[in-house]
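Being a predicted model, the structure only gives us computed values, none of them experimental.
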Amino acid sequence: MKNVLVTGGAGFIGSNFVRYLLEVESQVMILNLDALTYAGSLENLENLPDPERHKIIEGNICDKDLVNRLFKEFEIDTVVHFAAESHVDRSILGPEQFIQTNIVGTFSLLEAARENWLEGKPQPIDQMRFHHISTDEVYGTLGPGDPPFSETTPYSPNSPYAASKASSDHLVRSYYHTYGLPVTISNCSNNYGPYQFPEKLIPLMILNALQGKPLPIYGDGKQIRDWLYVRDHCEAIYQILLSGKNGETYNIGGDNQPTNLEIVLQICSILDKRLPESPYNPHHDLIRHVKDRPGHDRRYAMEIGKIFNQLNWEPKESLEKGLQITIDWYLTNMEWVINITGQSEYQVWVKENYQERGILK
C-alpha cells in the first residue's frame, strides 16, 4: 500500500480506520473521499496521527468523472470502500438513496479501478487491491437453532439496505471473475465504538439515557446481534489488505450474540456506576418497548473461523470492556455529541422515525 483511497472515511467506521492505518503504516498516503452527509463529519477526523499523510476530498462516489480523476491524479493502488447508506430504519423510510450510493456508487468505483488498473497503461496488478466492506445483513435472518452465517451462506436480504449491500457484493465479486480485478470482500457484524452517529442502537441508548429520554426497544427486544468493537474491525480489514486472497470473502464478527434488550440493560448498568448521582438512576427505568419495525431480522451470528485460520485474526475486545470504553468516550466528548445531534438532518430523522410514531416526545 502506497496511495490508499478510503471512501466514506469521515463516517464512523471509516474515520476509525483512517486513524488506525495512520498509526500502523508510517509511509501510506490516504485520500479520503466522503460526501460529508449527515453521517460523515470533519469533526471525526480531528487530531489524526500524522495528519499530513491524509487528504480529505468532499465528493460523491457516484460521480464517475471525479472518482476516475482521483485514481489518476493520486495514483491510487488500494481502495478501502466504506461509503454506504447503512441504517435499516432510513432505508425503510427512503430506499432510493440506498440504491444510488450502495449500488451505483460501488459500480462507479469498480469502473475507475478497472480502467486505471487493467486498461491503458495497466498497473502491476499484484500491487493493487479493492476491498469492499459489507454487512452480515445480506444473509438474512437466523432461527434460534440455525448455525451462524458463514462465507458460503446464501444471500437472503430482508430490507432495502440489506438488498442494496447484497447487490454491491455481487458487483464486486463479478469484477473479479469477469475482469480479474483484485478484490476482497468482508461482511461484518454490528459495529460499535467512538464516533458512531447517534441514530444506531448503542449511541442512541447512551445519549437518551444521559438526558432522561425513553430508551425505545423494538418489539420484545429479543432480537440477537453479533457486536464488533470498531477497532477490532479495523484490524481485521488491515489483515485482509496485507494477506487476504484475491476473490475471497471474509466474515468479521465479535464472537458474541446478546439480545438487544441485554445490550441496553448493560449500557444502563454501566451508566448507573459511572453516574451514581444521576437523577435518572436506575437508567433501566427509561426502557420502553415499542412496535417492531417492518422486516426486522430476528437473529444474526457470524462464523469467524476462516479469518482466524487464514489470517490469524480474532476480536480482542470483550463486549463488556468495549461498551465501557465506548460509554466513557461519549461521556468525555460531549462537545462532539452536541455538534452532531444539533444537525438539522439528525433532528428531522428523529422526528420522522420516533416522534411521529409516538416513541419519543
Do the non-hydrogen side-chain atoms of [X] and [Y] ever get within less than 4.5 Å of each other?
X      : Y      : value
Leu215 : Cys268 : yes
Thr7   : Leu5   : yes
Leu22  : Ile30  : yes
Val264 : Leu201 : yes
Leu171 : Leu110 : yes
Ile76  : Phe130 : no

Under 3.5 Å, is there a donor on one side chain and an acceptor on the other for [X] and [Y]?
X      : Y      : answer
Tyr195 : Arg19  : yes
Glu75  : Asn3   : no
Glu43  : Asn339 : yes
Asn281 : His283 : yes
Thr106 : His81  : yes
His289 : Asp220 : no
Glu115 : Asn68  : yes
Gln211 : Tyr280 : no
Asn260 : Lys222 : no
Gln239 : Ser243 : no
Asp169 : Ser134 : yes
Ser186 : His131 : yes
Asn191 : Trp227 : no
Asp297 : Tyr300 : yes

Is the positively charged end of Lys306 above the ring of Tyr250, judged by distance under 6.0 angstrom from the centroid and angle within 45° of the axis?
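Positive - Lys306 is close enough to the ring of Tyr250 and near enough to its axis.
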Heavy atoms only: give me the nearest [X]-[Y] pair and the separation to one decimal.
X      : Y      : answer
Leu323 : Tyr192 : N-CE1, 3.7 Å
Gly254 : Pro315 : O-CG, 3.7 Å
Leu48  : Leu45  : CG-O, 3.1 Å
Leu204 : Pro198 : CD1-O, 3.6 Å
Pro157 : Ala163 : CB-N, 3.5 Å
Met302 : Asn187 : CE-O, 2.8 Å

Nearest 0.5 Å, please: how far is [atom2] in [Y] from [atom1] in [X]?
X      : Y      : atom1 : atom2 : answer
Phe98  : Ser167 : CZ    : OG    : 14.5 Å
Gln100 : Phe107 : CD    : CZ    : 12.0 Å
Asp146 : Thr153 : CG    : OG1   : 9.5 Å
Ile13  : Cys188 : CD1   : SG    : 5.0 Å
Ile252 : Phe308 : CD1   : CZ    : 15.0 Å

For side-chain hydrogen bond (donor to acceptor under 3.5 Å, both in side chains), just list the numbers for His132 and Thr184, CA-CA rounded to whole Å, side-chain angles, deciding distance to a tenth of an Å, and then say yes or no.
CA-CA 6 Å; His132 174 66; Thr184 44; over 6 Å; no
Taking only residues two or more places apart in sequence, or in another chain, which ones meet Arg299 in a side chain to side chain donor-acceptor pair (under 3.5 Å)?
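Once residues adjacent in sequence are excluded, Arg299 has no partner under the side chain to side chain donor-acceptor pair (under 3.5 Å) criterion.
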Would you please indicate yes or no on a ring centroid separation below 6.0 angstrom for Tyr155 and His170?
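Centroid distance His170-Tyr155: below 6.0 Å, so yes.
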Under 3.5 Å donor-acceptor, [X] side chain and [Y] backbone:
X      : Y      : value
Thr141 : Arg298 : yes
Asn60  : Ala35  : no
Ser278 : Leu275 : no
Asp232 : Leu228 : no
Ser108 : Ile61  : yes
Asn16  : Pro194 : yes

So if you build clusters from Ile, Leu, Val, Met, Phe, Trp, Tyr with side-chain heavy-atom gaps below 4.5 Å, do [X] and [Y] land together?
X      : Y      : value
Leu181 : Ile240 : no
Trp117 : Val80  : no
Phe74  : Met29  : no
Leu33  : Leu36  : no
Ile185 : Ile237 : no

Is the shortest side-chain N to carboxylate O distance from [X] to [Y] below 4.0 Å?
X      : Y      : value
Arg53  : Glu25  : no
Arg114 : Glu119 : yes
Lys165 : Glu85  : no

Pairwise salt bridge (charged side-chain N to carboxylate O under 4.0 Å, His left out) hits with a residue in residues 257-276, at least two apart:
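Residue pairs with at least one partner in residues 257-276: Arg274-Asp328.
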Applying side chain to side chain donor-acceptor pair (under 3.5 Å) between Asn32 and each of Glu58, Lys55, His54, report the one that passes.
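Of Glu58, Lys55, His54, side chain to side chain donor-acceptor pair (under 3.5 Å) with Asn32 is met by His54 alone.
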